[in-house]
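Quick notes on the structure that follows.
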Amino acid sequence: MARSAGVLFAISSLPSKYGIGCISKEAYDFVDFLKESGQSYWQILPLSATIHGEPADSPYKSYSAFAGNPYFIDLDELIGQGLLTKKECDSINWGRNPSKIDYDALAEHRLPLLRKAYERSHIAENAEYNHFVEENDWWLHDYALFMALKGFFGHDVPHQQWPEDIMKRWSYALDYYDRTLYYDIEFQKFMQFYFYKQWWRLRQYANDRNIKIIGDIPMYVAPDSVDVWAHPELFQLDNNHQPYQVAGAPPDNFSATGQLWGNPLYRWDAHRYNGYSWWMSRLYQNFRLYDTLRIDHFRAFDEYFAIPAGSDTAMNGHWEPGPGMDFFNTVNRSLGPRDILVEDLGLMTDSVRRLVRQTGFPNIKVLQFAFDPDDIGAANDYFPHNYGRNCIVYTGTHDNDTLTGWFKSLSDKEKALARFYCGNFDSPDNRMYLSFTQMALDCRANTAIIPIQDYLGLGSEARMNTPGESKGNWAWRIKPGKCDEGLKQHILLGTRISGRLNWENFDKKGNLKE
């Protein structure tokens, strides 16, 4: 990655009329905003088809590692095609607070609305749709059948509690439900067709304006997912598809008792035996969606934290070896050179650092982690003066508080250290975000990614996720009109001063090209 800058902004957080950000005009407007403010990257959160419940609709807890989120389908396009009416979309109460996503309202109304569009579509006669289904059948049919079965047996019923014949995918049961749930299966394929069609169009629009999309791939899949149902041999499961060990993280800066995620762990011996084919397919699919891929929880490729199933916390977990460099050698052989960055946060060891160096991928630095009065000096990797070039600096990630909320929460000693480091002794606490965003832009890291909340100086009310908390996450939305001319010029100036301007869109004098 050359010296560049970008913005972290979830699709779900875009403004829209229908309860959640989606692949709508507002997304295209934001691409234009990025171009005109000198940016090179738009980083988003996973586009996965999320699971409603607790934790509510986390993009890191999905029904599928391959399917897109139907919530992101632009309803205005369906209105324009005569598949829905504006009255049908406007008559629904999508939630009272335009700054928060009401996932209960989405779960109640969004899919029935899309079902109406499907029933009016005559989609089977659409050549583009039929091509999409044929081209993606290697993952699409299993997903569509799984989701149809979820509707048939109840979304609250995990697939481990389905009748044994379909839970274990006996052939006669697959044939029976393929026939019985035909229209439900086709509805799921219809939604994936529109999701992918709209997303690929948006990505092309961004690429045409020299904006690259950084996507995010979760390390693990959900216990109740099509991935586990269709490929149980690849996970640490018993005969009833129940995990006997689950994923999580040990105690760290985010949680004193660790994090108990509950995802099934991989059987790396089985993956290695078949050449990591499921993972190679997953990465291939993700590179159809994104230009650059952030691998979440990278350290699990070196060692992963295994917690006995049924534990209340992560305190009883232990480390087990991951696939290491053998996995990434396979990636290089199978997919060739790819733009990948690695999330190597959490407990770091020499072996994890060595694996990061061996891959050559840029890793992550988080500015908020720097200002520990008990960790001052060369040993603190998060002080900007210790950064190398082959890394990506963030003021904070989706798991951090916003800069303003974080600074407010610091002790007087920590605030004093942070002010001393950035040479700002006079600004009020709620204006310190300006110093930190520019500090990230000015540092040596090749790439700087700033969450949109930090550019706006928003407080903790705009936080995306609090690890360990099951409620209130992933719901923040930006208010319409916040990405205005003033913010654009502020970002443009900081990006230009720091030498990160996207010169593909600007001439030698720094003027935007036509």
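This one's a predicted model, so the numbers in the text were calculated from it and none came from an experiment. Counting begins at 1 with the first residue of the sequence.
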Thr397 vs Val366, test: side chain to side chain contact (heavy atoms under 4.5 Å, CB included). Steps then yes/no.
CA-CA 7 Å; Thr397 73; Val366 178; 3.9 Å; yes

Using the benzene-type ring in the case of Trp, are the ring centres of Phe30 and Phe9 under 6.0 Å apart?
yes

All heavy atoms of Leu456 vs all of Lys482, minimum pair found to be CD2-O, 3.9 Å

Which residue in the set Asn400, Asp401, Asn473, Asp399 passes side chain to side chain contact (heavy atoms under 4.5 Å, CB included) when paired with Thr466?
Asn473

Using a 4.5 Å cut-off on heavy atoms from C-beta on, say whether the side chain of Gln453 contacts that of Met464.
yes

Any chance you could measure Trp94, atom CH2, to Asp102, atom CG, to the nearest 0.5 Å?
10.5 Å

Chi angles and distances behind the side chain to side chain contact (heavy atoms under 4.5 Å, CB included) call for Asn263, Val246
CA-CA 5 Å; Asn263 308 78; Val246 296; over 6 Å; no

How are the rings of Tyr276 and Phe327 set to each other: parallel, tilted or perpendicular (split at 30° and 60°)?
perpendicular

Indicate yes or no: at least one non-hydrogen side-chain atom of Pro70 is less than 4.5 angstrom from one of Leu114.
yes

Distance in Å, Asp184 CG paired with Leu149 CG, rounded so as to fall on 0.5 Å steps
9.5 Å

Taking CG in Asp175 as the centre, count heavy atoms belonging to other residues, nucleotides or ligands within less than 6.0 Å. Is the count above 12?
yes

Check whether the ring centres of Tyr290 and Trp42 lie less than 6.0 Å apart, and answer yes or no.
no

Does Asp269, at its CG atom, have more than 12 non-hydrogen atoms belonging to other residues, nucleotides or ligands within less than 6.0 Å?
yes

Where the side chain of Asp454 meets the backbone of Leu403, is there a donor-acceptor pair that is under 3.5 Å apart?
yes

Atom CG in Leu75, atom CD1 in Ile20: separation rounded to 0.5 Å?
11.0 Å

Quick one: does Glu26's side chain have a donor or acceptor within less than 3.5 Å of a partner on Ser16's backbone?
no

Quick one: are the ring centres of Trp279 and Phe301 less than 6.0 Å apart?
yes

Regarding Gln160 and Trp162, is there a side-chain donor-to-acceptor distance under 3.5 Å anywhere?
no

Under a plain distance cut-off of 3.5 Å, with no hydrogens placed, do Ser351 and Arg354 share a side-chain donor-acceptor pair?
no

Go through Arg272 and Asp326 one step at a time and tell me if the salt bridge (Lys or Arg N to Asp or Glu O under 4.0 Å) criterion holds.
CA-CA 9 Å; Arg272 188 178 297 110; Asp326 183 58; 3.7 Å; yes

Taking salt bridge (charged side-chain N to carboxylate O under 4.0 Å, His left out) as the definition, give me every residue that meets it alongside Lys100, ordered by chain and number, with sequence neighbours left out.
none

Indicate the ring-plane relationship of Trp474 and His398, choosing parallel, tilted or perpendicular according to the 30° and 60° boundaries.
tilted

Short side-chain donor-acceptor distance under 3.5 Å, His109 and Asn93
no

Does the ring of Phe187 carry Arg115 above it, NZ/CZ under 6.0 angstrom from centre and within 45° of its axis?
yes

Just by distance, with hydrogens left out, do Gln161 and His159 show a side-chain donor and acceptor under 3.5 Å apart?
no

Centre-to-centre under 6.0 Å for Tyr266 and His231, is that the case here?
no

Which word best sums up how the rings of Tyr129 and Phe193 line up, parallel for under 30°, tilted for 30 to 60°, or perpendicular for over 60°?
perpendicular

So which heavy atom on Gly68 is nearest to which on Ala49, and how close?
O-CB, 3.5 Å

Separation between CH2 (Trp278) and CE (Met280), nearest 0.5 Å, reads 10.5 Å

List the residues meeting salt bridge (charged side-chain N to carboxylate O under 4.0 Å, His left out) with Asp291, not counting sequence neighbours, and say none if there are none.
Arg203

The side chain to side chain donor-acceptor pair (under 3.5 Å) partner of Asn136 among Arg288, Gln192, His131 is Arg288

Is it the case that atom NZ in Lys150 sees more than 12 heavy atoms from other parts of the structure closer than 6.0 Å?
yes

Nearest heavy atoms of Phe305 and Gly248, plus distance in Å
CB-O, 3.5 Å

I want to check something: taking the side chain as every heavy atom from C-beta on, are Val7 and Ile450 in contact at a cut-off of under 4.5 Å?
no

Hey, do the aromatic rings of Tyr304 and Trp319 have their centres closer than 6.0 Å?
no

Would the Trp268 and Tyr273 ring centres measure less than 6.0 Å apart?
no

Taking the six-membered ring of Trp476, is NZ or CZ of Arg463 closer than 6.0 Å to its centre and within 45° of its axis?
no

Has the side chain of Arg120 got a donor or acceptor atom that lies under 3.5 Å from a matching backbone atom of Leu83?
yes

Report yes or no: is the cationic atom of Arg282 (NZ for Lys, CZ for Arg) closer than 6.0 Å to the six-membered ring centre of Trp139, at no more than 45° off its axis?
no

Do side-chain atoms of Thr180 reach the backbone of Tyr176 as a donor and acceptor pair under 3.5 angstrom?
yes

Using the ring centroid of each side chain, check whether Phe298 and Phe328 are separated by less than 6.0 Å.
yes

I'd like to know whether CD of Glu135 has more than 12 heavy-atom contacts from other residues, nucleotides or ligands below 6.0 angstrom.
yes

Cation over ring face, Arg338 and Phe287, 6.0 Å, 45°:
yes

Would Ser24 and Asp74 count as having a side-chain donor-acceptor pair, cut-off 3.5 Å?
no

Using only heavy-atom distances, determine whether the side chains of Lys168 and His241 contain a donor-acceptor pair under 3.5 Å.
no

Parallel, tilted or perpendicular: which fits the ring planes of Tyr220 and Trp261, with parallel below 30° and perpendicular above 60°?
tilted

Short side-chain to backbone donor-acceptor contact, Asn363 and Glu343, under 3.5 Å
no

Please report the shortest heavy-atom distance between Leu237 and Pro232, naming the atom on each side.
CD1-O, 3.7 Å

Among side-chain atoms of Asp165 and Tyr172, is any donor-acceptor pair under 3.5 angstrom?
yes

Calculate, to the nearest 0.5 Å, the distance between atoms CZ and CZ belonging to Arg294 and Phe361 respectively.
14.5 Å

Would you sort out whether Gln188 and Tyr118 count as a side chain to side chain donor-acceptor pair (under 3.5 Å), showing the intermediate values?
CA-CA 9 Å; Gln188 295 294 331; Tyr118 160 68; over 6 Å; no

Please say whether more than 12 non-hydrogen atoms of neighbouring residues, nucleotides or ligands are located less than 6.0 Å from CG in Asn97.
yes

Any idea how His52 and Tyr103 line up, ring-wise: parallel (<30°), tilted (30 to 60°), or perpendicular (>60°)?
tilted

Around atom OH of Tyr183, are there more than 12 heavy atoms from other residues, nucleotides or ligands closer than 6.0 Å?
no

Could you tell me whether Tyr194 and Phe190 have their ring centroids closer than 6.0 angstrom?
yes

Would Leu293 and Leu341 count as a side chain to side chain contact (heavy atoms under 4.5 Å, CB included) here? Give the steps.
CA-CA 6 Å; Leu293 189 59; Leu341 62 99; over 6 Å; no

